[in-house]
2 protein chains.
Amino acid sequence: VFKNETEFVRWLSGVLPMPTGRVRLGIGDDAALVRVGHGRELILTTDLSIEGVHFLRGLHPPDSVGHRALARSLSDIAAMGGVPRFALVSLVISRPTTRSWAERFYAGLRALAARFGVAVIGGDTALVRGATMVDVMVAGEVPQGRALRRSGARPGEQIFVSGRLGVSELGLRLLRRRGRRLHGAGADAVQAHLYPEPKCALGRFLSQERLASAVIDVSDGLSTDLGHLCEASGVGARIWTNLVPVPDVPLEAEVHEVDSLELALHGGEDYQLLFTVPSRNVSRIPRRFRGVPLQRIGEVQRSGELLLVRPNGEREPLRPGGYDHFRKAIR
Amino acid sequence: VFKNETEFVRWLSGVLPMPTGRVRLGIGDDAALVRVGHGRELILTTDLSIEGVHFLRGLHPPDSVGHRALARSLSDIAAMGGVPRFALVSLVISRPTTRSWAERFYAGLRALAARFGVAVIGGDTALVRGATMVDVMVAGEVPQGRALRRSGARPGEQIFVSGRLGVSELGLRLLRRRGRRLHGAGADAVQAHLYPEPKCALGRFLSQERLASAVIDVSDGLSTDLGHLCEASGVGARIWTNLVPVPDVPLEAEVHEVDSLELALHGGEDYQLLFTVPSRNVSRIPRRFRGVPLQRIGEVQRSGELLLVRPNGEREPLRPGGYDHFRKAIR
């Protein structure tokens, strides 16, 4: 049996043959990349959403389950700088599922697909005794050679992140305790958790303007995904805690129980983009892109470790504490 | 809740928007079809394989589970006349699964992929308490306008099928009763069940030579898949029972329990191609293609019903009796 997902993916990359010829990028990045025709590459990605692991029936309304299942894959396309085009949806529904649940699931998925110009063109279905699960494959496009990868970060480059981190995790905690009867920052956090917005336009902007050297979407938490990016690039990173964009903690939260930096470092499912920028491009990064702040949070370093630097200069290792669905399921 | 898969797919086609623009074909055929670049179209398909529904842990060796999971999707590409290129594999494994099971699963999948020139370029994974399941997405290519569809059959055309039907179902029954200690026809049937061979070369031949007006792969059984083809084409069909290529019933089978015509009409998972041929092309259909017999079994008719014609001229309706995973799971 496998300890966690990282170990599994590493094992899998060894077991499956290396990409060659038209396959530009195989297992291990946000999505796979293949050459099709002239001047364009196809991005293929697929993401599972499983009841009890990625969503809870009592907590997530069906339209949110549909929205989030598609958002996971759209975010992978965003992290490659591509334009999502087509989706295949495989839906395994547990027997007690009602037609109304399925209708609302597809309504949520379809609304997001329509907004991103994605055509849902097929899939597969089955009924089972066990948990409901969804596998959403998305095909996107990117001009040849313009796909953004995890592997291009170089020492001395600046690390940026879009939006605020930990908002989705905060929303999940509020939702569990208070349901949806919230206002202000609390309601915003719940909304961010239930209906995350993939950053496709930002990914495209970074690709078209050739601003970023490496990109990953923050799906498992900053500490985990920064680790993935650094590992793929063969570098390390230093993050300044006072620069990390933490969530607004709403009045409704029991403040003593919420460490907003902890949320921002380890909370998953924000689907923001984390990217590295060579020094010469830093001045060309806008403060906001379509209303979403772009914040410098640290620096790429040669040494392979991930360090957290406190305002008083204290340093400590940043250990992956994000969401590993494998580990969660094993627990 | 939904009665069966056909009803679900019909409901789904209504719920999701119609394909437009670059989407040439959406839900309801063997696979989806999209235009990419000049002169080529992309075929996208995905198929679920679920423990307890599509395979049984005690019965199917892990390399067979991997082989069959990929074969399902390759067969969809075959039925469109395409060349399979890339695969994404989503694997949801139940907790007790061992590393050795996963290794042998991928070995089976990889061996088939290599033989068909398919690159496995990504996927997703999760560990769950429930059943193991696999979702295999395959992307293939076809020259523009050459994809074979289900919807082109016209009254008066001849109906052909490749290979023998019901062999996989016979193999499953033998496997259940006798295990793998079989020889001759019995061993062949078990082999056909565990390691089915998608008919990609035949599909390509039919497309390149423009011989067939409609094609479907026989995954759910002749009676079910002929029904799908006829429904998509708005026609009916007459099948001559004495022309249907039934399996060789081996010595090991208890002959009184095996009705070979019944097996051939309703047994699933043979992954042969069922296709209709306009009269002017019939003489150009070879008796065998790469060793696989191509057999004429009936005729397309205007009236929407499916009829079975016995050698004595008696007619009876051919009702779908094949494998509907939805119905099976509900039972």
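Convention: sequence-line order gives letters A, B, ...; per-chain numbering from 1.
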Give the minimum heavy-atom separation between [X] and [Y], together with the two atoms involved.
{"X": "Val136(A)", "Y": "Ser73(A)", "value": "O-OG, 2.7 Å"}
{"X": "Val138(B)", "Y": "Pro84(B)", "value": "CG1-CB, 4.0 Å"}
{"X": "Ala214(B)", "Y": "Gly152(B)", "value": "CB-N, 3.7 Å"}

Specify which of Ile50(B), Thr46(B), Val92(B) makes the most heavy-atom pairs with chain A at under 4.5 Å.
-> Thr46(B)
Partner of His60(B) under ring pair (Phe, Tyr, Trp, His ring centres under 6.0 Å), picked from His67(B), His54(B), His193(B), is His193(B)
Heavy-atom distances under 4.5 Å only: say whether Leu48(B) touches chain A with side chain, backbone, both or neither.
->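 For Leu48(B), heavy atoms of backbone and side chain both lie under 4.5 Å from chain A.
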Checking heavy atoms, do the side chain of Ala139(A), its backbone, both or neither come under 4.5 Å from chain B?
->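 Side chain only.
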